[in-house]
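One structure is given below, encoded as structure tokens.
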Amino acid sequence: QVQLVESGGGLVQAGGSLRLSCAASGSIISINAMGWYRQAPGNQRELVAHITTDATTNYANSVKGRFTISRDNAKNTVYLQMNSLKPEDTAVYYCYALAKVRRWASPSDYWGQGTQVTVSS
């Protein structure tokens with residue numbers, strides 16, 4: 001009932017930048033939060049950044065000072081600006097939204113299909 005479409009992944013050299021975008025659509029009553037997770041080869045999926053409707057943010061320690069998450073509430077879109085990229089940032093990045101599709105129900109997590117980010121040394 002909620003669809004998330006990611007864009008902006010690709011190949012970049014170490015020290016470079018990328019900006020990821022994710023737009024949510026569907027039968028959405030409200031979105032409490034949006035964010036990004038990533039999964040590198042052989043690793044489990046981990047939180048990268050998270051933002052609430054009131055713009056409260058949190059980041060993984062490994063990306064603090066390099067990545068910035070932002071959100072356009074009117075467009076139900078979340079962005080991840082990634083600067084000073086390192087080879088260890090290479091992963092599939094997944095967008096998520098904590099959203100309600102029924103006013104009488106608790107919000108649930110919804111996930112995008114993922115976009116590949118590759119950082120060369």
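Reckoned from all heavy atoms, side chains included, excluding hydrogens, waters and symmetry mates.
By the rule that hydrophobic residues join a cluster once side-chain heavy atoms approach within less than 4.5 Å of another member, V101 and L98 end up as members of separate clusters.
Y37 meets the ring pair (Phe, Tyr, Trp, His ring centres under 6.0 Å) test with Y96, W111; sequence neighbours excluded. Not counting sequence neighbours, the partners of R66 by the salt bridge (Lys or Arg N to Asp or Glu O under 4.0 Å) test are D89. Scored by the salt bridge (Lys or Arg N to Asp or Glu O under 4.0 Å) test, E88 finds no partners at all (sequence neighbours excluded).
The salt bridge (Lys or Arg N to Asp or Glu O under 4.0 Å) contacts involving residues 91-111 comprise nothing, where partners must be two or more places apart or lie in separate chains. Each ring pair (Phe, Tyr, Trp, His ring centres under 6.0 Å) pair with one or both residues in residues 62-85, not counting sequence neighbours, would appear here, but there are none.
Using a 4.5 Å heavy-atom cutoff, the side chains of T115 and V92 are not in contact. At least one side-chain heavy atom of L20 sits under 4.5 Å from a side-chain heavy atom of V117. The shortest side-chain heavy-atom distance between V63 and R38 falls under the 4.5 Å cut-off. You'll find the side chain of V48 stays beyond 4.5 Å of the side chain of Y59, heavy atoms only. Looking only at side-chain heavy atoms (C-beta outward), T90 and Q116 come within less than 4.5 Å of each other. Using a 4.5 Å heavy-atom threshold, the side chains of R19 and M82 count as separate.
One finds the CG atom of N83 at 6.5 Å from the OG1 atom of T68 (value rounded to the nearest 0.5 Å). Residue Q3 holds its CD atom at 4.5 Å from OG of S25, rounded to the nearest 0.5 Å. With values rounded to the nearest 0.5 angstrom, W36 atom CH2 is found 12.5 Å from I51 atom CD1. Considering SG of C22 and CE of M34, their distance stands at 4.5 Å, rounded to 0.5 Å.
Here the shortest heavy-atom pairing between T53 and N73 reads O-ND2, 3.2 Å. Closest heavy-atom contact between S84 and S17: N-OG, 4.3 Å. Summarising the geometry of P107 relative to N32, their closest heavy-atom pair is CB-OD1, 3.6 Å, with the distance given to 0.1 Å.
Panel note: side chain Y94, backbone Q39; no donor-acceptor pair is recorded below 3.5 Å.
In summary, the side chains of T77 and D72 do not present any donor paired with an acceptor at a separation below 3.5 Å, with no hydrogens or angles considered.
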Listing, residues 4-16 side-chain donor-acceptor contacts under 3.5 Å, not counting sequence neighbours, or none:
residue: E6; atom: OE1; partner: Q113; partner atom: N; Å: 3.1
residue: E6; atom: OE1; partner: G114; partner atom: N; Å: 2.7
residue: E6; atom: OE2; partner: C95; partner atom: N; Å: 2.6
residue: E6; atom: OE2; partner: G114; partner atom: N; Å: 3.3

